Amino acid sequence: MQLRIISVGKTDSKAIQQLTEDYQNRLKHYIKCEWVVIPDIKNSKNLTFAQQKQKEGQEILSKIQVADVVVLLDEKGKQFSSMQFADWLQKKMNQGIKQLVLVIGGPYGFSEEVYERADQKISLSAMTFSHQMVRLFLTEQLYRAMTILRNENYHHE
């Protein structure tokens, strides 16, 4: 299985970007993972939140293939412990999925069309995080899940 992570907007913080890249480099030793960053919408100040979500949604959907399994990172999604997340990821790998797409939306969430295309929603927390922080947390949790599945020393329980 291959992972594709789609996120909206660039990370402004160099510190967050460096930490995310560190976990991306660690993760690539376990699974093929492609990061797709959708640029910030131009002239977004002239758009309503709904219009911005709509434009971001069109861009997200253009990066998804018909056979992809699409999972949105959404605060109303299913929550997992790290062990449960690793188990969930293992089940996805066992299902013979060619490409699992994890999508991190912009600051206002997802358009209705993106919700309709999604196969599942998961949540990293009941709390709301910036979409920039979610990239770091997701990458670290993917790395943690891989080390759990390989019985390596990173995760302690």
Side-chain angles (χ1 to χ4, degrees), residues 1-11 16-40 53-155 157:
M1 182 177 79
Q2 176 176 315
L3 287 175
R4 173 179 282 172
I5 300 168
I6 299 174
S7 60
V8 175
K10 62 181 179 173
T11 301
I16 293 172
Q17 188 173 351
Q18 282 182 315
L19 286 167
T20 304
E21 288 172 3
D22 178 49
Y23 283 106
Q24 287 173 342
N25 287 331
R26 293 180 190 197
L27 183 60
K28 70 182 178 185
H29 298 290
Y30 298 93
I31 191 167
K32 187 172 181 184
C33 186
E34 174 190 13
W35 284 81
V36 177
V37 177
I38 294 173
D40 289 313
K53 286 194 309 188
Q54 187 71 27
K55 287 187 174 289
E56 290 170 352
Q58 291 169 353
E59 289 296 318
I60 290 168
L61 292 172
S62 75
K63 308 295 184 207
I64 296 171
Q65 300 169 10
V66 174
D68 290 346
V69 173
V70 178
V71 179
L72 305 182
L73 273 80
D74 187 273
E75 62 190 11
K76 295 179 180 92
K78 180 174 175 61
Q79 291 186 25
F80 299 100
S81 68
S82 293
M83 295 294 287
Q84 291 168 330
F85 182 66
D87 184 53
W88 175 84
L89 196 56
Q90 182 67 62
K91 286 178 183 170
K92 294 293 183 200
M93 289 187 276
N94 292 347
Q95 290 173 355
I97 294 168
K98 183 177 178 184
Q99 183 159 259
L100 178 65
V101 179
L102 302 170
V103 186
I104 302 167
Y108 308 114
F110 298 105
S111 68
E112 254 334 286
E113 293 80 6
V114 173
Y115 278 118
E116 289 171 10
R117 173 58 181 90
D119 297 293
Q120 189 173 356
K121 295 183 293 188
I122 62 173
S123 174
L124 295 177
S125 172
M127 293 184 207
T128 302
F129 300 117
S130 74
H131 58 289
Q132 295 181 26
M133 293 295 290
V134 170
R135 295 173 200 183
L136 172 59
F137 297 154
L138 175 62
T139 310
E140 190 279 338
Q141 283 300 300
L142 287 166
Y143 172 71
R144 181 178 297 273
M146 289 299 167
T147 63
I148 289 168
L149 295 175
R150 305 287 189 292
N151 292 317
E152 295 178 358
N153 288 334
Y154 183 75
H155 180 76
E157 190 152 300

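Numbers here are sequence positions counted from 1. Just so you know, these numbers come straight off a predicted model, no measurement behind them.
A tilted orientation is assigned to the rings of Phe80 and Trp88, their planes being inclined by 30° to 60°.
With Asp119 contributing its side chain and Val71 its backbone, the two residues share no donor-acceptor pair below 3.5 Å. Within the 3.5 Å criterion, the main-chain N or O of Met83 finds no donor-acceptor partner in the side chain of Asp87.
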### Task
Give the intermediate values and the outcome of side chain to side chain donor-acceptor pair (under 3.5 Å) for residues Asn94 and Gln90.
CA-CA 6 Å; Asn94 292 347; Gln90 182 67 62; 2.9 Å; yes
### Task
Applying side chain to side chain contact (heavy atoms under 4.5 Å, CB included), run through Ile5 and Val36 and close with a yes or a no.
CA-CA 6 Å; Ile5 300 168; Val36 177; over 6 Å; no
### Candidate pair Met93 and Leu149, rule side chain to side chain contact (heavy atoms under 4.5 Å, CB included), full reasoning
CA-CA 11 Å; Met93 289 187 276; Leu149 295 175; 3.5 Å; yes
Name every donor-acceptor pair, under 3.5 Å, that has one atom in a side chain of residues 140-148 and the other anywhere in the protein, sequence neighbours excluded.
residue: Glu140; atom: OE2; partner: Arg144; partner atom: NE; Å: 3.1
residue: Glu140; atom: OE2; partner: Arg144; partner atom: NH2; Å: 2.8
residue: Glu140; atom: OE2; partner: Tyr154; partner atom: OH; Å: 2.8
residue: Gln141; atom: OE1; partner: Ser82; partner atom: OG; Å: 2.8
residue: Arg144; atom: NH1; partner: His155; partner atom: ND1; Å: 3.0
residue: Thr147; atom: OG1; partner: Arg144; partner atom: O; Å: 2.8

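Evaluation of the salt bridge (charged side-chain N to carboxylate O under 4.0 Å, His left out) test over residues 58-83, restricted to residues two or more places apart or in two chains, returns none. Screening residues 89-112 for ring pair (Phe, Tyr, Trp, His ring centres under 6.0 Å), with sequence neighbours left out, gives Phe49-Tyr108, Phe110-Tyr115.
Summarising the geometry of Arg135 relative to Thr20, their closest heavy-atom pair is O-CG2, 4.2 Å, with the distance given to 0.1 Å.
At least one side-chain heavy atom of Pro107 sits under 4.5 Å from a side-chain heavy atom of His131.
Leu100 contributes atom CG, which lies 11.5 Å from atom CZ of Arg4 (distance to the nearest 0.5 angstrom).
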